[in-house]
Protein chains: 2
Amino acid sequence: MARKPKPAAAEVARPKGERTKAHILATALALFRERGYEATGMRAIAEQAGVSIGNAYHYFESKEHLVQAFYAETHRLHLEACVPALAGVKPLGARLAVLLTTKIDTAEPYHHLSAILFRTAADPKSPLNPFSAASTPVREDATQLMKLVIEGSDARVPADLASELPNLLWLFEMSVILFWIHDDSAGRARTRLLIARSSELLAKLVSLASFPLVKGMRTEMLELVRELRAGAESSAPGTPSAPS
Amino acid sequence: MARKPKPAAAEVARPKGERTKAHILATALALFRERGYEATGMRAIAEQAGVSIGNAYHYFESKEHLVQAFYAETHRLHLEACVPALAGVKPLGARLAVLLTTKIDTAEPYHHLSAILFRTAADPKSPLNPFSAASTPVREDATQLMKLVIEGSDARVPADLASELPNLLWLFEMSVILFWIHDDSAGRARTRLLIARSSELLAKLVSLASFPLVKGMRTEMLELVRELRAGAESSAPGTPSAPS
DNA sequence: GTCTATAACCGGATAGAC
DNA sequence: GTCTATCCGGTTATAGAC
């Protein structure tokens, strides 16, 4: 019953054609970067990678799935840049600004690719959309990082707000990225202005959340968010909510 | 020098092939509604409309442009439903809810088509994206309606906020529509919940905007919005801004 | 110069053999 | 897992008709 003779040790390290997959992805990203997404055909990718079209489709369901794979990679890059940059920074506003700035800096080489990714955000059926089940791991990673930003700060966050804040700030992050995609100013100056100011504003808002005048609204808003999430049974688990 | 003999009166009414264009659009919308966007081919549209493919492309640059044309039409429907429904309603929150509810009700038959439209919102290059120059007239119409909602209410809005509020609330409207697109609950119950509660919350926020604690933030936020718009020279004139 | 039609193109995606 | 051959549908080139 010895099903797998296993030729030698240390062969588990590269599960067969995993190399091929990584190679195709790397080739695709390079070509996207050089020529742009639209101008790069699947035929060109396959040829450059030294495989056939059919083989490329064996590893990636579609051209857009190549972009999704790239998305996972940029998050890794973001993590590497963001976490060290956060060291020693305590105010919430400043930490938020660090997260967002490192985000747009690490993603800069793929500015136009990000637009492709975001294009699918509105399509409920696409597996690439950030609210879909398929994107859950990436979304979780992103909110996890946001949680680190909050908890590492010296801001006092009320308990009820604390549990939702990472999700709410992730939505804010998505908004900033959407703005960035449309931003063609030199050095993305407009996005940087937006980040600097809105981060401070949001931090101030959080610090004000316990004051009597604002507290009622905070409670109402959080209750709404909870109810909306509760209503999402069959739909995607991660629930988008509106800005307040 | 009589350049145009003008055969008879009332011939200016139908400028030639305008009928054909309208007919193609109507046919396309019907087919989209019956079979869905993806499942409806340009060949099928042309055939059903009794024209050739080439002719269809003479009137509409692309399949997506058919969707843009539909968008203009839904706004007309929205207007017809919204304006009468606003009569007699004075509180800002209620008026906002009326605008949003009539919006999703009139657009309901084209729920999945709206997703197609929104898909392009992230693509800076697409003429269909709501922030683009090509979409300016439609966006203006929408903010104009929002202005009517605000000015017809009994809410007291500070002057500096008043000039920006229509634009800000238009962004809010876009967010609600994005939520609606992803909402597959029965009767769009979750979107209706979102509309009812968030409209009230926003109205409350506006009424609080003059209180000392909040006033500073209001000023800062409005200044940021103005600066962002000022920085948008070469880009689209209508500038998206972040939620606060 | 505005409208209409036919035939091809092009590129993403699939079928099925090896 | 890898390939070749093919499909399919949006789009374009181009020529003729009003």
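Here the structure is a predicted model, which is why all the values come from computation and not from measurement. Chain letters run A, B, ... following the sequence lines, proteins first, then strands; residues in each count from 1. Computation of the quantities below employed the complete heavy-atom set of this structure, encompassing side-chain atoms and omitting hydrogens, waters and symmetry-equivalent molecules.
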**Separation of C:dT4 P from B:R19 CZ (nearest whole Å)** = 13 Å
**Request:** May I have the distance from B:M42 (atom CE) to C:dT4 (atom C1'), rounded to whole angstrom?
**Result:** 15 Å
**B:L178 backbone acceptor or donor facing B:H182 side chain under 3.5 Å** = yes
**Fill in**
From CZ of A:R43 across to C1' of C:dC10 the rounded distance in Å is 8 Å
**Request:** Could you check whether B:G54 gets within reach of a base, just the sugar-phosphate, or nothing at all, counting any heavy atom under 4.0 Å?
**Result:** base
**Asked** Between A:H58 and D:dT2, does any side-chain N or O lie under 4.0 Å from OP1 or OP2?
**Response** no
**Item:** Gap between atoms NE2 and P, on A:H23 and D:dT2 respectively (whole Å)
**Value:** 12 Å
**Test: A:K63 cationic atom under 6.0 Å from A:F32 six-membered ring centre, within 45° of axis** = no
**Prompt:** Between which residue ranges does DNA chain D form stems of three or more consecutive Watson-Crick or G-U wobble pairs, both distances under 3.5 Å?
**Reply:** C:3-18 with D:1-16
**Request:** Output yes when at least one side-chain N/O atom of A:N55 is less than 4.0 Å from OP1 or OP2 of D:dG1, else no.
**Result:** no
**Item:** Exam field: side chain A:R188 to backbone A:W180, donor-acceptor pair closer than 3.5 Å
**Value:** no
**Asked** Does B:S62 have a side-chain nitrogen or oxygen under 4.0 Å from the phosphate oxygens OP1 or OP2 of D:dG10?
**Response** no
**Spacing between B:E47 atom CD and C:dA5 atom P, to the nearest angstrom** = 12 Å
**N or O in side chain of B:Y57 less than 4.0 angstrom from C:dT4 OP1/OP2** = no
**Asked** Among the nucleotides D:dT2, C:dA5, C:dA13, which one has an atom lying closest to any side-chain atom of A:K63?
**Response** C:dA13
**Request:** Mind calculating the distance between OH (A:Y59) and P (C:dA13) to the nearest angstrom?
**Result:** 19 Å
**Request:** Dump the intermediate steps for side chain to side chain contact (heavy atoms under 4.5 Å, CB included) on A:E47 and A:I53, then the final yes or no.
**Result:** CA-CA 8 Å; A:E47 189 178 355; A:I53 293 191; over 6 Å; no
**Request:** State whether a side-chain donor-acceptor pair under 3.5 Å links B:H65 with B:S62.
**Result:** yes
**Message:** Rounded to whole Å, how long is the line connecting atom CD1 of B:I45 with atom P of D:dT11?
**Reply:** 10 Å
**Message:** Looking at every non-hydrogen atom in both residues, tell me the closest pair between A:F179 and A:R190 and how far apart they are.
**Reply:** CZ-NH2, 3.8 Å
**Prompt:** Taking all non-hydrogen atoms of both residues, which atom of B:Y37 and which atom of B:I116 are closest, and how far apart?
**Reply:** CD2-CD1, 3.6 Å
**Asked** Taking the nucleotide of DNA chain C with the closest heavy atom to each, which residue, B:I53 or A:Y37, is nearer the 5' end?
**Response** B:I53
**Request:** Find the distance A:E18:CD to D:dT2:C1' and express it as a whole number of Å.
**Result:** 17 Å
